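Okay, so here's the structure we're looking at.
Every number for a ligand or one of its atoms is a count from 1 in the order of the listing. Not measured: the values here are computed from a predicted model.
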Amino acid sequence: MISVFDCIAYEHNLWLVLLAGLICAAGSWVAAHVYFRATQTIGLQRAGWYFLTALAAGAAIWCTHFVAMLGFESGVPVSFDPVLTILSLVIAVVGSTVGFAVGGMRFSRFAPALGGAFVGLAVAAMHYTGMAAYRVQGIVSWEMSYLVASIILAVLFATLATHVALTSKRRDAVNWSAAALALAILSLHFTGMTAFRVQPLLVEPSVSNPDALLTLALVTTCMAAVIVAAGLVSYILDRSVRAESFERLRKMALSDVLTGLPNRANFNETLKAEIAAARDGGTKLAVIAIDLNRFKAVNDLRGHQTGDEVLRRLGQRIQALLKQEIGEFVARTGGDEFTAICRVNGRASLPDFLMRLEQALFKTIKIDNFEVSPGASFGVAIYPDDASDQTLLINNADLAMYRAKSDPSQIVCYYEAGMDEAVRARRSLAGDLRNALVQGELFLHFQKQSSITTGEIRGYEALLRWEHPRHGLIPPDEFIPIAEEDGLIVEIGEWVLRRACVAAMTWDPALKVAVNISAVQLAQVDLSQFVKRVLQETGLAPERLELELTETTIVKDKERTMHTLRKLREMGVSVALDDFGTGYSSLETLRTFAFDRIKIDRSFVAEIGSEDQSIAMIRAVLALAKALNIPVIAEGIETQEQFDVLKVEGCDEAQGFLLGRPVPLASVATGAAHVVSRMATTGFQDLQRMLGPDSQSSPMPRET
Ligand code: C2E
Ligand code: CA
Ligand code: CA
């Protein structure tokens, strides 16, 4: 009797055995990798990867067996039953497909092991079906202990393979899984062959043709190799496609689509790295916050498409000026905000960088037949002088930028320690302002507006006052911008309008009241509806109300503003153009809407007597207003000379300290006695509630 065990040493064709081992290793490696990939996908893709896994594993299992069998020289003539041989291949592929799929299902934590066991059983089933196809001229018997051991080994190693592939967190888990799978196949085959016994019935010594068997072995190996290679190629292609799309995604995630510049995420990462490098090298670093000037006006006036085009062009200019080799970096970090990083060596290269940025951002942009002069404000903070913490550094650059923005004479501002103090103070003031309304710290003063020729009082302008409990009287120029920034102006503006109307109701004769309207108010509420409601509630005739708007208010959203103004006009409310001459497109504004009155800004009046040009300006405005048939009021008249000049030039109305300072309601017109007498007739409590405490304040004018 010949034991197969002996044959391995003496009668196996060593080359074919090696070939079988090789195909087994390659197939297992590919199967494990493809299987691992399958776990990262879902649905149909996952099913596809499972099938590819099973194909590679099945080919490896079957080919290993078949080639090894061809190399097994039993010393008796052999042949293969074709049906059983093909069936064994089907068992290998289908069995491992099911096994791998079950393993990946994760219905329980034992699923990977269960699937693996199934794969092991499939390997065994394949092997023994294959053995059944192996026809020898001899009596075949099996050593049961080896047979059982071979199945146990296959199941154990295959279980290990799927378990490692599916649950291990190790980076090289997939290689370990491949090794376990190869061991499952090899251990089964060679232990199984040890169980195999043949007692030759020698008719003729070896009728099998060794060359034919060798050819068969090589053809089989080639086929298996093709299958395994196909799996490998799919895996490699998939990996490179994934790597490409990952790279594309990474790039997209790090750059701004519109300008092509790095985005905020990219900026944060870069700054982090630059700070670390500067810390290690003991060098300095500048962070430059950049905010475009008037960009919102471009958007509002010319539409978002033009705005986008401006940003795109600026992005191109910035990219062209960067010297990346010395670490210059600019990212788009917001709508019209950019942030730059520049390595500084004793601030040497910083001025040069800033100059180039300034040139790029200030040069006019021509779009169609229209020109934009963008302009920008720059705020610089230096690491580690101004801050060593990333967030603080950016914050300080922003603070410096705001300073530059608020001061028209400065383009670049360097961070200084006092800046955050100013911002903190502003913030705390914003908080106080919220309380001011509730606490009754806000009140109105009224300033006379009279005819220049007759001196007759035409009306009063309502001017807001804030008596802060700690800081005393705060001028509106200081707190109204804060209220606008905060959105609080909407609430405050409503209060002012209601209160001014209620106050005007107490006047006899029934004079006009002028109320200032902020741009934010116009943008946020349906102003005409609100005005209508207030007029109804207070009973004030619409003809007695005049709203004062500045040009910036109107330019912000022209269409909408014009619509609102027309509605107000229909109601009978009049509209005055305040601060005329300080805007940049005054004539344009005048053409678009027929204002009821123009207010020449007090800065022109203040220069009367000192500069000839201001008189020329006043003359021009008066001529224009005459042509358009709009009355003109001059504000800020402080001296008799100013008054006389305006009278000579033909100005219609006047307002200013010379004629009367802003005073509390109680001191308006006929005085407090009148207010009180009026209250007696119109339901005292109602009016008193509406007027609040300062309706009975002292007759002494409160001065600003
Ligand atoms: P404005 O609308 O141009 O108001 C006229 C300002 O000129 C007032 O300053 C007034 O007190 C001041 N003024 C009047 N006559 C003279 C004068 O002869 N010489 C000088 N140098 N100044 C004079 P005020 O009250 O400090 O208000 C400043 C600005 O605050 C106002 O300018 C207006 O833009 C804003 N404001 C005041 N009250 C309100 C309000 O209720 N709502 C809104 N949105 N803004 C308001
Ligand atoms: Ca005004
Ligand atoms: Ca004004």
Side-chain angles (χ1 to χ4, degrees), residues 433 436-437 441-450 452 459-467 472-504 512-525 527 530-531 534 545-554 556 574-583 595-609 632-643 646 653-665 701-704:
L433 193 53
L437 251 183
E441 291 161 20
L442 297 180
F443 55 94
L444 292 180
H445 272 183
F446 296 88
Q447 190 179 27
K448 203 188 283 176
Q449 300 181 330
S450 336
I452 282 198
Y460 288 88
E461 178 179 4
L463 293 162
L464 187 57
R465 297 291 175 261
W466 179 15
E467 180 78 58
L473 204 61
I474 298 177
D477 287 331
E478 210 166 290
F479 71 82
I480 285 193
I482 295 178
E484 286 179 333
E485 224 167 74
D486 223 39
L488 206 62
I489 190 70
V490 176
E491 221 175 303
I492 291 179
E494 285 184 16
W495 181 87
V496 169
L497 184 68
R498 193 166 273 124
R499 185 141 184 110
C501 290
V502 169
K512 280 184 99 159
V513 64
V515 177
N516 292 288
I517 299 292
S518 141
V520 182
Q521 265 174 289
L522 209 57
Q524 289 205 345
V525 288
L527 192 68
F530 172 68
V531 170
V534 171
L545 178 64
E546 181 156 279
L547 302 180
E548 292 193 2
L549 278 81
T550 62
E551 264 176 79
T552 40
T553 316
I554 294 156
K556 275 214 167 122
S574 50
V575 182
L577 184 56
D578 205 350
D579 299 349
F580 188 80
T582 54
F595 288 91
D596 298 286
R597 214 195 297 223
I598 296 172
K599 287 189 89 170
I600 298 185
D601 189 62
R602 58 179 184 273
S603 58
F604 295 104
V605 176
E607 281 168 7
I608 290 180
V632 176
I633 176 167
E635 63 177 351
I637 301 175
E638 292 182 352
T639 66
Q640 192 59 46
E641 187 198 357
Q642 290 165 349
F643 184 87
L646 287 161
E653 291 171 25
Q655 177 181 356
F657 293 170
L658 181 72
L659 307 162
R661 290 188 174 250
V663 291
L665 175 64
R702 228 196 256 252
E703 291 191 3
T704 45

At the Ca ion (ligand 2): angle between Asn516 atom OD1 and Asp578 atom OD2, to 10 degrees: 90°
Between [X] and ligand 1, which part of the residue brings a heavy atom under 4.0 Å of the ligand: side chain, backbone, both or neither?
{"X": "Asn516", "answer": "both"}
{"X": "Ile637", "answer": "backbone"}
{"X": "Glu635", "answer": "side chain"}
{"X": "Leu464", "answer": "both"}
{"X": "Asp578", "answer": "side chain"}
{"X": "Arg465", "answer": "side chain"}

Residue [X] vicinity, atoms of ligand 1 by number, heavy atom under 4.0 Å:
{"X": "Asp579", "value": "3 (O)"}
{"X": "Leu463", "value": "4 (O), 8 (C), 10 (C), 11 (O), 25 (O), 37 (C), 38 (N)"}
{"X": "Asp477", "value": "28 (C), 29 (C), 30 (O)"}
{"X": "Val496", "value": "41 (O)"}
{"X": "Ser518", "value": "44 (N)"}
{"X": "Gly656", "value": "15 (N), 18 (O)"}
{"X": "Pro662", "value": "11 (O)"}

Distance-only, no hydrogens or angles: does the [X] side chain make a donor-acceptor pair with backbone N or O of [Y] under 3.5 Å?
{"X": "Glu484", "Y": "Val520", "value": "no"}
{"X": "Glu638", "Y": "Gly656", "value": "no"}
{"X": "Glu478", "Y": "Pro475", "value": "no"}
{"X": "Asp596", "Y": "Val575", "value": "yes"}

[atom]: which of [options] has the nearest heavy atom?
{"atom": "atom 37 (C) of ligand 1", "options": "Pro476, Ala606, Ser603", "result": "Pro476"}
{"atom": "atom 5 (C) of ligand 1", "options": "Lys599, Arg602, His445, Glu478", "result": "Arg602"}
{"atom": "atom 46 (C) of ligand 1", "options": "Leu549, Ile517, Ile480", "result": "Ile480"}

Name of the Glu548 atom (N/O/S only) found closest to the Ca ion (ligand 2): OE1
Atom name, Glu461 (N, O or S, nearest to the Ca ion (ligand 2)): OE2
N-O pairing of Lys599 and Glu461 below 4.0 Å: yes
Geometry only, no angles: is [X] polar-contacting ligand 1 at N/O separations under 3.5 Å?
{"X": "Gln655", "result": "no"}
{"X": "Phe657", "result": "yes"}
{"X": "Gln447", "result": "yes"}

Does even one non-hydrogen atom of [X] get within less than 4.0 Å of ligand 1?
{"X": "Gly493", "result": "no"}
{"X": "Glu461", "result": "yes"}
{"X": "Pro475", "result": "no"}
{"X": "Arg661", "result": "no"}

Heavy-atom pair of closest approach, residues Ala436 and Trp466: CB-NE1, 3.4 Å
Which atom of Gln521 lies closest to which atom of Gly493, heavy atoms considered: NE2-CA, 3.3 Å
Beyond-backbone contact of Leu444 with Leu464, side-chain heavy atoms, under 4.5 angstrom: yes
Supply the atom-to-atom distance [X] [atom1] to [Y] [atom2], rounded to the nearest 0.5 angstrom.
{"X": "Ile492", "Y": "Phe479", "atom1": "CD1", "atom2": "CZ", "answer": "6.5 Å"}
{"X": "Arg602", "Y": "Phe657", "atom1": "CZ", "atom2": "CZ", "answer": "8.0 Å"}
{"X": "Ile480", "Y": "Leu488", "atom1": "CD1", "atom2": "CG", "answer": "11.0 Å"}
{"X": "Ile633", "Y": "Leu577", "atom1": "CD1", "atom2": "CG", "answer": "12.5 Å"}
{"X": "Phe530", "Y": "Arg498", "atom1": "CZ", "atom2": "CZ", "answer": "5.0 Å"}

Within 6.0 angstrom of Glu491 CD, more than 12 heavy atoms from elsewhere: no
Check: Gln655/Glu635 side-chain N/O donor and acceptor closer than 3.5 Å: no
